[in-house]
Amino acid sequence: MNRKTIFLSLLCCVTTMAAQNASDSTDVFYKHLRLNELTVTGVTGQTRLRDMPAPVSVVTPRELRAATGTNIIDAISHQPGLAQLTTGNGISKPIIRGLGYNRVLVVSDGVRQEGQQWGDEHGLEVDGQGVSSAEILKGPASLMYGSDAMAGVLILHSPSLPSEGEVVGSVSTEYQTNSGLFDYSAYFAGHQNSFVWSARYSEKMAHEYKTPIDGYVPGTQMHERAASVLLGLDRRWGHSHLKWDCFHLTPSMAEGERDPLTGELVHDYDLKTYHKQLPFQQVKHYKATWDNLFRLGSSETLKAIVAYQQNRRQEFEDDANEPELYFRLHTLTYDFRYQLSLLNAQFSTGLTGMYQESENLAEESLIPDYRLFDIGGYATIQKTLDCWTVSGGLRLDNRHVNGYGNFSGFTGSVGAVWRAVDTDDHNLNVRLNVARGFRAPNMSELGSEGVHEGTLRYEQGNPDLKSEYSWQADLGADYQGRLFSAQVSLFLNRIENYIFSHAIDQVIDPDYRTFSYTQGDALLKGFEVSTDFHPIHQLHFGNSFSLVDARQLHQSEEMRYLPMTPAPRWTSDLKYEITHHGHVLNNAYVSVGLDCFLAQDHYFKAYDTETRTPSYTLFNASAGTDVFVKGRKWAEVYLTAQNIFNRAYQSHLSRLKYADVNVLTGHQGVYNPGRNIVLKIVVPFAITQK
């Protein structure tokens, strides 16, 4: 079935299901006066956003449905303090306040995502169309999650299950003009006689993306498929849910090679194809989750989540049938948490960890086979006293890596929120948090030995590495009024034993420079500021600015700054909400905005690892509405124009920025995508069974 046939079939499905859609006339974008009432996961369990001492950004379901991107990280990367490291189409890695890779933990449906996240060109194996909302916890979160949460945690939530007697679902589709990206997703869920179920299937495909400088870029096509099924029971005593997830991604790998005479990107096939081309990856990720919640009384709960994940990552260079690299990773995770509410306080204690085994199933290998066992215990408390909410806790972790010994960490945090003003019209909260972070070195840093094609270098691990530790202080304030709201967050992060790679004189492979891992100390500091001015209810002028200065201490000028540090970014958005209670069009809006990235002059200069990135500004526009027929919501429709003026630019966090030089123009590397028009349609439905 080709892309046009699928699209026409979906439109027919949209028309057929329209009459069944439920009303949703109260769901608007800007509920600024009620934002702090949201419940988030946080670092002490479930708590209101207003009581969180650590900075948290929340992407609501409506905002996420209106967002666009090639994957879930791309869709939420405009949040202050969050950036993405990209490799072509479909591959993005989250960067929180200048730190990424194994320093950022991704939690999906309560389970830490494990899938070779140490690699530059290894993306996130999560179906973005199955994510309903997201939380970005900025700062060390080792207290709740253990190792690898040093920079922060990205928490992804699936849609909430329906109430008793309901069947709900949705069909959605999206098309993007730049890469011809087309996706669709179908979701159904029900709740009858305490039995709950849900199912989703999604598919996404794209040909090569187009830039104003390079034209279509060979090797940037991708194909993604995902499915999930959930079965469970919801009773007065709690719930027990069993969920299975399957994710397949086949991205071609752009290398940016150019003809030495013409300067054109080299390709041996007709461009604008949806079919995979060598070299490419084949990524398969499977996850089974058993999620249980037991209510032990009116104020006591016990939560137990056990999950098994298997990640298969193959890389094909010269033969589409024989992988040159094949990693297979088995991960068993567990999370047991007891919570008690007593005397206006919340107590939580828990035990978390994982067992992991990695295998090499191809002739080449970059990291050795290994087994890992991780365990950690913690206790937290949150107490409300008049206009104060104080919280904190302690944690002890131990990670054993077969052949490399034990890595232990003692961490904790303490914080407070002062509700300086709390009235119907005005809210002012001041937040302070101090946290200790911990990260054990990953297997790539400890034991890699071989050519890493993704970084075009020979990598040599260091078995003598020690664990990283960090101290981070966060100071913030947020104000919410009827005409104006603002948030500001300042941070200072001191990291001991910061692990980084550097070039050495030893030549192992004559075609590649040799890099090895070493350690030092690092200091990161910066801030995020967001404002929203709404002189009338329908008009909103939002702005945000984020900056991070990331330095290695006691290093030369060329090695002073940490690699892959996001450039300072200013985003601005002027939005007009046309109507909230129209007969046909409801929650309609139009918006214009810009993303301004300042020049990145603080870059890792040693060994020509990075180069300066000049400033650039991208202009965008969007519109959206709910469509109602006879009082029932027929669909949500969103139209977005990205990079309206087709600006040629290179993101500082694009790995393709350092590909071959065009001998005719002198430009190095591949540019980011140009103008892109996106159409998205979401058709929800709900049936109440009596």
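- No donor-acceptor distance shorter than 3.5 angstrom exists from the side chain of Q79 to the backbone of I136, with no hydrogens or angles considered.
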For this session: Mind running side chain to side chain donor-acceptor pair (under 3.5 Å) on T352 and R395 for me, showing each step along the way?
Result: CA-CA 11 Å; T352 66; R395 181 186 178 102; 2.5 Å; yes

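- S341 and Q346 make their closest contact through OG-CG, 3.9 Å (heavy atoms, listed as atom of the first residue, atom of the second, distance).
- A perpendicular orientation is assigned to the rings of H540 and H537, their planes being inclined by more than 60° (bins at 30° and 60°).
- With D386 contributing its side chain and W388 its backbone, the two residues share no donor-acceptor pair below 3.5 Å.
- Smallest separation of non-hydrogen atoms from S546 and G81: CB-N, 3.8 Å.
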Problem set entry | Residues S622, S591; criterion side chain to side chain contact (heavy atoms under 4.5 Å, CB included); working and verdict | CA-CA 5 Å; S622 63; S591 174; 3.5 Å; yes

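- Under the 3.5 Å distance criterion, the side-chain polar atoms of Q519 are matched with a main-chain donor or acceptor of K466.
- Under the side-chain hydrogen bond (donor to acceptor under 3.5 Å, both in side chains) test applied with R50, the options D422, N427, T389 reduce to a single match, D422.
- Looking at residues two or more places apart in sequence or on another chain, you find a side chain to side chain contact (heavy atoms under 4.5 Å, CB included) between L394 and F410.
- Minimum interatomic distance between G130 and R200 (heavy atoms only, all atoms of both residues): CA-NE, 3.5 Å.
- Side-chain atoms of H191 come within 3.5 Å of backbone N or O of P162 as a donor-acceptor pair.
- Partners of Y334 under the side-chain hydrogen bond (donor to acceptor under 3.5 Å, both in side chains) rule, at least two apart in sequence or in another chain, do not exist in this structure.
- For the side-chain hydrogen bond (donor to acceptor under 3.5 Å, both in side chains) with N620, the lone residue among T68, T571, D573, D595 that qualifies is D595.
- Among residues two or more places apart in sequence or in another chain, the side-chain hydrogen bond (donor to acceptor under 3.5 Å, both in side chains) test is passed with T640 by none.
- The residues K287 and E125 are annotated as not salt-bridged, no charged nitrogen and carboxylate oxygen being separated by less than 4.0 angstrom.
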Problem set entry | Worked verdict on W471 versus N493 for side chain to side chain donor-acceptor pair (under 3.5 Å) | CA-CA 6 Å; W471 281 106; N493 189 6; over 6 Å; no

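- Closest of all the heavy-atom pairs between I95 and G100 is CD1-CA, 3.6 Å.
- The salt bridge (charged side-chain N to carboxylate O under 4.0 Å, His left out) test applied to R494 returns D521, not counting sequence neighbours.
- Here the two rings, on F533 and F541, have centers that are 6.0 Å apart or farther.
- Residues forming a ring pair (Phe, Tyr, Trp, His ring centres under 6.0 Å) with Y338 (at least two apart in sequence, or on another chain): none.
- Formation of a donor-acceptor pair under 3.5 Å by the R569 side chain with backbone atoms of C596 is not found in this model.
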For this session: Just do the side chain to side chain donor-acceptor pair (under 3.5 Å) check on N292 and S240 with the steps written out, would you?
Result: CA-CA 4 Å; N292 301 274; S240 181; 2.7 Å; yes

Exercise. For E496 and Y498, what are the C-alpha separation, side-chain angles and deciding distance, and is it a side chain to side chain donor-acceptor pair (under 3.5 Å)?
Worked result: CA-CA 6 Å; E496 305 167 12; Y498 179 83; over 6 Å; no

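- Ion pairing between a basic and an acidic side chain is recognised when a charged N comes within 4.0 Å of a carboxylate O; D109 and K243 show such pairing.
- Under the side-chain contact (heavy atoms from CB on, under 4.5 Å) rule, S92 has a single partner from I76, N71, I72, which is N71.
- Contacts of R419 classified as salt bridge (charged side-chain N to carboxylate O under 4.0 Å, His left out), with partners at least two apart in sequence or in another chain: D51.
- Closest approach of S194 and E164 over heavy atoms only: N-OE1, 3.1 Å.
- Between Y378 and R337 the shortest heavy-atom distance is OH-NE, 3.2 Å.
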